[in-house]
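One structure below.
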2 protein chains.
Amino acid sequence: MVVKSREREKKTDRVFFALSDATRRDIVTQTLDRERSVSELGRLYPISLTAVQKHVEVLVDARLVSKHRSGREQLVRGEIEQLRRAHQLLDGLEALWRARLERFEDVLSETTRRESE
Amino acid sequence: MVVKSREREKKTDRVFFALSDATRRDIVTQTLDRERSVSELGRLYPISLTAVQKHVEVLVDARLVSKHRSGREQLVRGEIEQLRRAHQLLDGLEALWRARLERFEDVLSETTRRESE
DNA sequence: CGATTTTACAACCATATGGTTGTAGGTTAT
DNA sequence: ATAACCTACAACCATATGGTTGTAAAATCG
């Protein structure tokens, strides 16, 4: 049985929500490739550094990136685990759809068989 | 080259945003399995029917479900295409991460080779 | 026909979101 | 040392979100 604790659902909410903004998706892209400082990220987008900082915080809360300080810089690194969870969730939904498709195909072949009798 | 039109990005925003709410994810689950009327969905959750209607609208805008009228009922059906797009986007991100991992492993094996010399 | 079901939609409300500017405190470089 | 750089955070603002209740109009049932 699939367990859906409220806590787990909220975590999933945060992951999908974090990915629902193009700037944040790009930050994930950049930081999965290699670590970037917050100010480096700030130079990539036409918004204030504060806005970028907030986007990074949303991603940290969703565990899609992690931060660690190095001198005066805060380095951001993309993390894979929650992406995998989201991936699995989508897999589950697609499996449901395939099951529906198969039932539909069964009915169709039944009908075809009867028609050819 | 990956083309990122603003229109496409907004579409992606809507898909991930629609999936960032547990009730909406459940509606997708239910309607991928089989069609459900809006009122039928309304009975599944501890919120008003109006709230459920709004959730369905968000999902329709994201093209994660479609609606068609049958008599007085509005039937909702889960759609697979946008789920697949989201799936592919996650695949792309995971591929980036794997590339980073491989570069890291290369450096590591270089180091190991030198150490054993 | 009259009652019930199902949907639609407006109006309202509290809170969240995504952006801004301004202030300030560490860290590094010249 | 002092200037430049990087980050943190408060305060503010407009709009979006997720919920509510209430009203009303089709469609179906008995």
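Numbers restart at 1 for each chain; the letters A, B, ... are given by sequence-line order, proteins then strands.
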Could you state the CD-C1' distance from A/E57 to D/dA10, rounded to the nearest angstrom?
15 Å
Ranking D/dA8, C/dT7, D/dT7 by distance to the side chain of A/E73, first place goes to D/dT7
Round to the nearest Å and state the distance from A/L75 atom CG to D/dC6 atom P.
12 Å
Please say whether more than 12 non-hydrogen atoms of neighbouring residues, nucleotides or ligands are located less than 6.0 Å from CZ in A/R14.
yes
Looking at A/Q53, does any N or O in its side chain come under 4.0 Å of the phosphate oxygens OP1/OP2 on D/dC9?
no
Picking from B/K67, B/E79, B/H55, what satisfies side-chain contact (heavy atoms from CB on, under 4.5 Å) with B/V60?
B/K67
CZ (B/R34) with more than 12 external heavy atoms under 6.0 Å
yes
Can you tell whether the side chains of B/R85 and B/E9 come within less than 4.0 Å, N to carboxylate O?
no
Produce a footprint string for nucleotides 17-23 of chain D: one letter per nucleotide, 5' end first; B if the base is under 4.0 Å from any protein heavy atom, S if only the sugar-phosphate is, - if neither.
SSBBBB-
Answer yes or no: side-chain N or O of B/R72 and base N or O of C/dT5 forming a donor-acceptor pair under 3.5 Å.
yes
Sub-3.5 Å donor-acceptor pair from the side chain of B/R63 to the main-chain atoms of B/Q82, do we have one?
no
For A/L41 and D/dC6, what is the distance between atoms CG and C1' respectively, to the nearest whole Å?
13 Å
Donor-acceptor pair, side chain of A/S70 and main chain of A/E73, under 3.5 angstrom
no
Does a side-chain N or O of B/R43 approach OP1 or OP2 of C/dT5 to a distance below 4.0 Å, or not?
no
Looking at D/dA8, I'd like to know if its phosphate oxygens (OP1 or OP2) sit under 4.0 Å from a side-chain N or O belonging to A/Q74.
yes
